[in-house]
Amino acid sequence: MKYQKKQNAIVLLADGTVFYGKAVGNKQGTAFGEVCFNTGMTGYQEIFTDPSYYGQLMVATNAHIGNYGTNKDEVESDSVKIAGLIVKNFSYDYSRDAADSSLEDFLDKNNLLAISDVDTRALVSYIRDNGAMNAVISTEVDNIEGLKKQLADVPNMNGLELASKVSTKEPYYFGDENATYKVAALDIGIKKNILRNIASRDVYIKVFPYNAKFEDLEAFNPDGYFLSNGPGDPEPLVEAQAVAKEIIKRDLPLFGICLGHQVIAIANGVSTYKMHNGHRGINHPVKNLITGKGEITSQNHGFAVNREDAEKHNDLQITHVHLNDDTVAGLAMTSKNCFSVQYHPEASPGPHDSSYLFDQFIDNIKKSKHQTA
């Protein structure tokens, strides 16, 4: 255990509300972003490196963070993507044999500001009541008025395009080049474990930048297409929407997750909206309306598909609903080879109830190849 005098720090919300805490380690500074919370008991390293969290200040609702350290293989991208971290109790020591470093060292390596000793129960309760909003965490506790002025200039997540901040700059390959099937994936914030799940089903993947055109993906001669998860508002992603429209028009196998699900909805003329509070955790209940079965799912999104629009659409079927608030959790086109889900079936960390969706994608590819053979 490290015994050291902790520096004072604050969480300042856009409406002027202040919560007090202490800086983790010796790091000082300031970080801005939209404040959100994740209810997962484990999986903090995967959360911090998930591109979908880009630009957000993460509040961990679990009382202890860092107690099992970090492992270099338990990441969803090549770097930390959250803007900052807010916790109640930060564990400087860890007690897991598989860990290769402490969370403090991991955050230092990624130059991330974290604050602890915050009343996270009160903070989360406040966010639940008042909705997601921009915030700042800082060790400049005597500069609240200055921080307020800076915070006022931080753009709102509504209408914000962030895929370009996290997408690959150049196409790359993932999996075995001798695999039976080929999939072209559009990276608008893709998680590594999604690629692992697709590749493990005898698939060779080529991953394309967020602004790639359909012709770029088509040149790979894929058997199916995938639209990834990612951060920000789906509305500004006009290039991705154009790609989805072309794939749908040609009735090619298409699967979308999270942000990709929202892009597919927009490509069909269905609107999306920013939620009062998003869904972020690993125990969200979803009902599969096709099978009648329930699924415990991993979720991470601040936008959702307009259910009324989806219900009115002649070629869309709502396949899954979130049981807490009846929001749309899955869609399928009735006349095209296309389906999507709002949650994360790769489910790492978390349950594996939804991994069948990757099998469904491969089955759709097999059927399509058989029909065109």
Side-chain angles (χ1 to χ4, degrees), residues 1 11 19 21 24 35-53 56-77 80-107 110 112 114-128 132 137 191-194 196-197 229 258 275 277-286 294-302 322-325 329 342-355:
M1 173 68 71
V11 181
F19 292 82
V24 168
V35 65
C36 65
F37 56 90
N38 188 294
T39 58
M41 298 289 285
T42 62
Y44 52 73
Q45 189 179 350
E46 290 89 342
I47 291 167
F48 302 161
T49 56
D50 182 347
S52 295
Y53 283 116
Q56 293 183 305
L57 297 173
M58 172 56 58
V59 183
T61 64
N62 190 27
H64 297 273
I65 297 296
N67 52 330
Y68 61 83
T70 63
N71 183 296
K72 60 182 175 58
D73 295 325
E74 296 173 357
V75 294
E76 293 293 356
S77 66
V80 166
K81 294 298 189 293
I82 60 172
L85 174 64
I86 305 164
V87 304
K88 174 59 177 174
N89 300 307
F90 189 91
S91 298
Y92 291 90
D93 291 335
Y94 60 92
S95 56
R96 182 175 61 141
D97 290 340
D100 49 37
S101 73
S102 69
L103 181 57
E104 181 189 14
D105 290 341
F106 178 79
L107 298 180
N110 285 273
L112 189 85
I115 66 173
S116 65
D117 298 87
V118 175
D119 187 345
T120 51
R121 291 183 68 181
L123 175 55
V124 169
S125 180
Y126 190 88
I127 298 169
R128 285 187 188 277
I137 59 174
K191 293 173 65 178
K192 284 186 177 179
N193 207 39
I194 289 177
R196 295 186 195 107
N197 271 271
N229 63 295
C258 202
M275 305 170 75
N277 274 304
H279 295 154
R280 297 179 179 91
I282 57 176
N283 63 343
H284 286 252
V286 163
E295 303 171 24
I296 301 302
T297 69
S298 175
Q299 302 208 6
N300 169 22
H301 60 99
H322 195 296
L323 290 176
N324 286 349
D325 58 10
Q342 181 62 80
Y343 52 98
H344 285 266
E346 76 281 359
S348 181
H352 297 268
D353 298 23
S354 307
S355 60

Taking every non-hydrogen atom, the tightest pair across [X] and [Y]:
X: N324; Y: P285; value: OD1-CG, 3.4 Å
X: Y94; Y: S101; value: CE2-C, 3.5 Å
X: G69; Y: A99; value: CA-CB, 4.2 Å

Open item on the list: Does R121, at its CZ atom, have more than 12 non-hydrogen atoms belonging to other residues, nucleotides or ligands within less than 6.0 Å?
Closed with: no
Task: More than 12 heavy atoms of other groups within 6.0 Å of M41 CE - done: no
Donor-acceptor under 3.5 Å ([X] side chain, [Y] main chain):
X: S116; Y: V87; result: no
X: Y92; Y: G66; result: no
X: D100; Y: K72; result: yes
X: Q45; Y: N71; result: yes
X: S77; Y: T49; result: yes
X: E76; Y: N193; result: yes
X: Y68; Y: G43; result: yes

Open item on the list: For H301 and S52: C-alpha separation, side-chain torsions, deciding distance, then whether side chain to side chain contact (heavy atoms under 4.5 Å, CB included) applies.
Closed with: CA-CA 8 Å; H301 60 99; S52 295; over 6 Å; no
- [ ] Under the side chain to side chain contact (heavy atoms under 4.5 Å, CB included) rule, what do F48 and L103 come out as? Steps first, then yes or no, please.
- [x] CA-CA 11 Å; F48 302 161; L103 181 57; 4.0 Å; yes
Atom pair [atom1] ([X]) and [atom2] ([Y]), whose distance is rounded to the nearest 0.5 Å:
X: Q342; Y: N300; atom1: CD; atom2: CG; value: 9.5 Å
X: K191; Y: S298; atom1: NZ; atom2: OG; value: 5.5 Å
X: S102; Y: F90; atom1: OG; atom2: CZ; value: 7.0 Å
X: E346; Y: C258; atom1: CD; atom2: SG; value: 9.0 Å
X: S91; Y: N67; atom1: OG; atom2: CG; value: 4.5 Å
X: R280; Y: D50; atom1: CZ; atom2: CG; value: 10.5 Å

TODO: Indicate the ring-plane relationship of H279 and H284, choosing parallel, tilted or perpendicular according to the 30° and 60° boundaries.
DONE: tilted
Task: Any side-chain heavy-atom pair of L123 and F37 under 4.5 Å - done: no
Task: Sole candidate of T61, V35, N38, T39 that passes side chain to side chain contact (heavy atoms under 4.5 Å, CB included) when paired with V124 - done: T61
Open item on the list: For the residue pair T297 / E295, report whether a side-chain donor-acceptor contact shorter than 3.5 Å exists.
Closed with: no
